[in-house]
Amino acid sequence: MKEEDPSIIERAEEFFENLSFEEDDDENDLESEEVNTEKKERVYTLKNKIKIIHKYNNLDDLENKLLKIEKYNKDEKMEIECFYQHGLLKKIIYYNEDQTINNIDYFDIYYDSKQSSISDIYLFFLSKMDKYFKIKNLEESDIKIYANTEDGFEFLGNYPSDMIKANKESLTLKILKDDIEIEQEDIEDFINELKSFPTVTEYYSNNKIIKKDIFKVERIMEISDSCIFYANLSLDGVLEKTEKYNDNNEIDEIEEINRHIRVVNVGFGDYLPRIEFDD
């Protein structure tokens, strides 16, 4: 098995240190905010002269949706690009100092309404909304049941196979189709029920993929008694595994990870989205 080049690891560590996501540092405090109505942009300038530009479909407070975010360092070189679909995160590109790509985060957009009953999940889609979504069946291992106890949530196990088969229609992931046009009235009906989760992160060196982080989505059932059909249901993102590639673009090593992640979205002092570990 080919040993990983230590210089790649060092460069990766230095790269992420230089991104400066933390807002506690004085140099990362906001210095000014400008609104360009003609370009439909908000430009945030930090004290360290980093610029972060939010681009919108319009600047109407009621309907503005992010189209793109760009981050530039003090030398006016692009560091990060974030792309959105209907205001929801679809892709993040991170650039090296020489403007080559360091890594790319890809996201899918899921229907993620917190239902009180697992049999209710599909009811919303017995309408014209279905045309906007593609379907992915859940595996038994991707449905986790937790009990809400005085000491916190206790893992009880995976959803029973026979129940999965009985509720095949409802136990699916609804994934928004790429670049599909959604009618305004439909957007108003369900846009707040959508959520972005990462699918894969690709890492590059010399324009070749050297590593991939593979993510998955689990359905979480939180129950307070034995009647699971009145459970609180939600989706959760998981970094499932990491694949390392050799010079021939072949998988050289696979490392199982299985760590829960969360997507930090823009807002409340966060000017850039990102993926973080929950534990």
Worksheet item: In this structure, are over 12 heavy atoms from other groups packed under 6.0 Å from K208 atom NZ?
Response: no
Worksheet item: Taking C-beta and beyond as the side chain, do R219 and K144 meet within less than 4.5 Å on heavy atoms?
Response: no
Practice prompt. Would you kindly confirm whether I69 and I275 end up in one hydrophobic cluster when ILVMFWY residues are joined by side chain heavy atoms under 4.5 Å apart?
Written response: yes
Practice prompt. Would you check if there is a donor-acceptor pair between the side chains of T201 and D105 at a distance under 3.5 Å?
Written response: yes
Worksheet item: Using 4.0 Å as the upper bound for N to carboxylate O, is an ion pair formed by E31 and K49?
Response: yes
Discussion item. Just to verify, what does D178 make a side-chain contact (heavy atoms from CB on, under 4.5 Å) with, not counting sequence neighbours?
Written reply: Q85, K90
Fill in: Nearest-0.5 Å distance, CG of residue L59 to CG of residue N36
8.5 Å
Fill in: Distance-only donor-acceptor check, side chains D213 and T242, under 3.5 Å
yes
Worksheet entry | Test side-chain contact (heavy atoms from CB on, under 4.5 Å) applied to K195 - qualifying residues, sequence neighbours left out | D112, F197
Item to complete: Could you give me the CA-CA distance, side-chain angles and deciding distance for K174 and I135, then say whether side-chain contact (heavy atoms from CB on, under 4.5 Å) is met?
Response: CA-CA 5 Å; K174 306 290 181 176; I135 308 300; 3.2 Å; yes
Fill in: Matching residue for Y204 among N102, T100, I104, I210 - test: side-chain contact (heavy atoms from CB on, under 4.5 Å)
I104
Worksheet entry | Non-hydrogen side-chain atoms of E70 and I52 separated by less than 4.5 Å | no
Worksheet item: Can you tell if the side chain of K211 reaches within under 4.5 Å of the side chain of E243, non-hydrogen atoms only?
Response: no
Worksheet item: Counting only heavy atoms not in K68, do more than 12 sit closer than 6.0 Å to its NZ atom?
Response: yes
Discussion item. Determine whether the aromatic ring centres of residues H260 and F277 are separated by less than 6.0 angstrom.
Written reply: no
Worksheet item: Side chains of I145 and N158: does their closest heavy-atom pair fall under 4.5 Å?
Response: no
Discussion item. Going by ring pair (Phe, Tyr, Trp, His ring centres under 6.0 Å), name the residues that satisfy it together with F155, two or more places apart in sequence or in a different chain.
Written reply: Y146
Worksheet item: Any ring pair (Phe, Tyr, Trp, His ring centres under 6.0 Å) pairs touching residues 65-93, not counting sequence neighbours?
Response: none
Worksheet item: Between Y95 and E81, do the side chains contain an N or O donor and an N or O acceptor separated by less than 3.5 Å?
Response: yes
Discussion item. With a 4.0 Å cut-off on N to O distance, would you call K244 and D252 a salt bridge?
Written reply: no
Worksheet item: Do C82 and L89 come close enough that some side-chain heavy atom pair is under 4.5 Å?
Response: yes
Item to complete: State whether E79 and K71 are salt-bridged, where the test is any N-O pair (Lys NZ or Arg NE/NH1/NH2 against Asp/Glu carboxylate O) under 4.0 Å.
Response: yes
Practice prompt. For N248, check side-chain contact (heavy atoms from CB on, under 4.5 Å) against everything at least two apart and list the hits.
Written response: N246, E250
Worksheet item: So does E181 have more than 12 non-hydrogen atoms from other groups sitting under 6.0 Å from CD?
Response: no
Worksheet item: Between I187 and K65, is any pair of side-chain heavy atoms under 4.5 Å apart?
Response: yes
Item to complete: Could you check E97 against K77 for salt bridge (charged side-chain N to carboxylate O under 4.0 Å, His left out), going step by step and ending with a plain yes or no?
Response: CA-CA 8 Å; E97 181 67 21; K77 289 185 177 181; 3.5 Å; yes
Worksheet entry | Shortest non-hydrogen separation from Y245 to K212 and the atoms involved | OH-CD, 3.4 Å
Practice prompt. Taking all non-hydrogen atoms of both residues into account, name the closest pair between L30 and T45 and its distance.
Written response: CD1-O, 3.6 Å
Practice prompt. Please identify each residue that fulfils side-chain contact (heavy atoms from CB on, under 4.5 Å) with N207, with sequence neighbours left out.
Written response: none
Worksheet entry | Co-membership, hydrophobic cluster, residues V264 and L66, 4.5 Å side-chain | no
Worksheet item: Heavy atoms, side chains only, cut-off 4.5 Å: are Y56 and L67 in contact?
Response: no
Discussion item. Parallel, tilted or perpendicular, judged at 30° and 60°: which one describes the rings of F133 and F190?
Written reply: tilted
Worksheet item: Do you know which two heavy atoms are closest between K40 and N58, and how far apart they sit?
Response: CD-CA, 4.0 Å
Worksheet entry | Shared hydrophobic cluster, F215 / Y94 (ILVMFWY, side-chain heavy atoms < 4.5 Å) | yes
